[in-house]
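See structure below.
The chains referred to below are lettered A, B, ... by the order of the sequence lines, with proteins before strands, and numbering in each begins at 1.
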There are 2 protein chains.
Amino acid sequence: MSAFSTAIASGRKRRGEGHTRREEILQAAKELFLEEGYESTTIRRIADRVGISAPALYLYFRDKEDLLLALCDQTFTHLVDAIDEIERTIEDPLERIRRFGDAYARFGITHPDEYRLVFLSGNIPEAIRKLGHRQATDDPDRPGVKGAIVFGRLVAILAQAEASGLKLNYPPDTCAELCWMAVHGLVAALILKPDFPWSDRDVLINGMLDIHVKGIVRSE
Amino acid sequence: MSAFSTAIASGRKRRGEGHTRREEILQAAKELFLEEGYESTTIRRIADRVGISAPALYLYFRDKEDLLLALCDQTFTHLVDAIDEIERTIEDPLERIRRFGDAYARFGITHPDEYRLVFLSGNIPEAIRKLGHRQATDDPDRPGVKGAIVFGRLVAILAQAEASGLKLNYPPDTCAELCWMAVHGLVAALILKPDFPWSDRDVLINGMLDIHVKGIVRSE
DNA sequence: TTGGTAAGTTAACGATGTTAATCTAAGTGT
DNA sequence: ACACTTAGATTAACATCGTTAACTTACCAA
């Protein structure tokens, strides 16, 4: 209670804070997210931690989903960075695909809450529709779009691989969808049923990548 | 209001209804589930449709999850039946695996709400723990267990295939996990992002099965 | 007739996301 | 120096949710 009231009392430095508040809220939400899990992350708890009232959050975020998605994008940026790194350093197309899948899977397993929110909860299209026509579909800062960007990267890598002479068994988009779905299924399973006696993680990841790299490139 | 009160008035045939009530509730829940979607399926709405008060549901189901899982098991029985049929009629191990995957994928796509509840929401182990020690883990009537049964069937089919001479690249459980995860990812993607411009469904399903059947059996 | 019991009711609790109405303090124009 | 606007927050409240507590009713058996 004292921490709360002092936060209120000391939080009244009005000038220029409008800038910072949004980041403060995201930071607090992230902490709670990690500390107490997604389930307990309620609007009021986030507001408490920031030191403001719950309705104040609605000055910065349209609704809870908007907040959470913004938070996810922040995290997903790290995955995009990792993909950038791979594209910059790896030349061989097949190895690129492998590394992509590996990075993707490990990112998902390491950030289960964010992964759930972006790839495992109700359709993002609906969420976008709910947000209204506020922004065009290609706005790179719209929350939730980082997930689509990651998938787009895979399509690009595969198209590029095909362009550089690799023979694929399906069109690049279809290949991307198949690969993504499979690795996505792996991540989803490990996240949603963590107590199930799965085989060794590395075996599963490597196995899945083996199977799909083999299954997608024409071998004759 | 009139429909409600008449339902109440005529619903007071007390004798022997205790037997029927549970099924009535499940039926009403199922209808609402299909009519208005999972989101709008609230305890009070289900109770309204049955013509009883909301707390009365707790005489037949421990909590909402218990009800929903019971409902899911009812639906999943159809998938188990389909698997029975496959095991009874198909001899060739590879074809069995294929048909299993096909049946599984199409079942998931056809029953998205139940699929979400069983395979796409928080871990079942937690749910089971929440239900208490009411029943042992191998009770075939415990709600939610049908999902695990389906997976168990796949393991059995693969082990059987190996026993009949087929060479696998991984242990049967690992093979089952890989196959299941991939098809699960496919179903999950189609369910959760229905508006995404995916490739043709049949192409995806067949492609995924091709890739995994090829990737799992040793070819040399 | 008298209990006892199974089935159901109403009232209420605590939480949740969210909205409406209001207040306040800082900046701005005159 | 004084009035006005406005961004940023507040308190109060709403509707809804799952769920529990306490009470009522109808039936059956002794």
Side-chain angles (χ1 to χ4, degrees), chain A residues 4-25 28-29 32 36-71 117 121-122 126-127 130-132, chain B residues 1 4-25 28-29 32-33 36-71 117 121-122 126-127 130-132:
Chain A
F4 178 76
S5 53
T6 55
I8 289 265
S10 69
R12 287 288 175 74
K13 9 161 191 171
R14 272 325 189 0
R15 193 65 254 133
E17 284 251 316
H19 253 151
T20 326
R21 272 287 182 270
R22 193 169 205 276
E23 311 278 328
E24 280 183 59
I25 295 171
L32 276 172
E36 320 207 24
Y38 175 58
E39 311 246 310
S40 313
T41 301
T42 160
I43 291 276
R44 285 176 172 83
R45 286 173 89 86
I46 298 170
D48 273 6
R49 173 154 306 199
V50 180
I52 58 179
S53 65
L57 289 187
Y58 290 83
L59 297 176
Y60 303 94
F61 300 94
R62 169 162 298 226
D63 54 19
K64 193 189 180 188
E65 193 165 22
D66 190 26
L67 199 176
L68 262 9
L69 284 180
L71 190 60
L117 222 56
S121 43
E126 183 189 353
K130 215 174 85 184
L131 291 176
Chain B
M1 191 191 82
F4 179 76
S5 53
T6 56
I8 290 264
S10 69
R12 288 286 176 73
K13 8 162 192 173
R14 270 331 188 350
R15 194 65 257 133
E17 285 251 316
H19 253 150
T20 326
R21 273 286 184 271
R22 193 170 206 274
E23 312 277 329
E24 280 182 57
I25 294 171
L32 276 171
F33 219 54
E36 320 207 22
Y38 175 59
E39 311 246 310
S40 314
T41 302
T42 157
I43 291 276
R44 286 177 172 84
R45 286 173 88 87
I46 298 171
D48 272 7
R49 172 153 307 200
V50 180
I52 58 178
S53 66
L57 289 188
Y58 290 83
L59 297 177
Y60 303 94
F61 300 94
R62 169 163 298 227
D63 53 18
K64 192 190 180 185
E65 194 165 22
D66 190 26
L67 199 176
L68 262 8
L69 284 180
L71 190 60
L117 221 55
S121 43
E126 183 189 354
K130 213 173 84 185
L131 291 176

Using atom [atom1] of [X] as one end and atom [atom2] of [N] as the other, report the distance to the nearest whole Å.
X	N	atom1	atom2	value
Leu57(B)	dT9(C)	CG	C1'	13 Å
Arg62(A)	dG17(C)	CZ	C1'	15 Å
Leu59(A)	dT18(C)	CG	P	14 Å
Asp66(A)	dG17(C)	CG	P	14 Å
Phe61(A)	dA9(D)	CZ	P	12 Å
Ile46(B)	dG8(C)	CD1	C1'	17 Å
Glu24(A)	dG8(D)	CD	C1'	13 Å
Arg22(A)	dA7(D)	CZ	P	17 Å

Shortest non-hydrogen contact between Ala29(A) and Leu67(A), atoms and distance = CB-CD2, 3.8 Å

Exercise: identify the closest heavy-atom pair between Val50(A) and Ala28(A) | CG2-CB, 3.5 Å

Under 3.5 Å, N/O pairs linking protein and nucleotides 15-17 of chain D:
none

Of Ala54(B) and Ala54(A), the one whose closest nucleotide on DNA chain D sits nearer the 5' end is Ala54(A)

What's the closest nucleotide to the [X] side chain, out of [options]?
X	options	answer
Tyr60(A)	dT19(D), dA9(D), dA7(C)	dA9(D)
Ser53(B)	dT19(C), dT10(D), dT9(C)	dT9(C)
Tyr58(B)	dT20(D), dG8(D), dT19(C)	dT20(D)

Gap separating the CG atom of Leu68(B) from the CZ atom of Phe33(B), nearest 0.5 angstrom | 5.0 Å

Can you sort out the partners of Arg45(A) under side chain to side chain contact (heavy atoms under 4.5 Å, CB included), two or more places apart, ordered by chain and number?
-> Leu32(A), Glu36(A), Ser40(A), Thr42(A)

Can you check whether Ile52(B) reaches Arg21(B) side chain to side chain, under 4.5 Å on heavy atoms?
-> yes

Chi angles and distances behind the side chain to side chain contact (heavy atoms under 4.5 Å, CB included) call for Ile46(B), Phe61(B) = CA-CA 12 Å; Ile46(B) 298 171; Phe61(B) 300 94; over 6 Å; no

Looking at residues at least two apart in the chain, or sitting in another chain, which of them share a ring-ring contact (aromatic ring centres under 6.0 Å, His included) with Tyr58(A)?
-> none

Could you tell me whether the phosphate oxygens of dA7(D), OP1 or OP2, come under 4.0 Å of any side-chain nitrogen or oxygen in Arg21(A)?
-> no

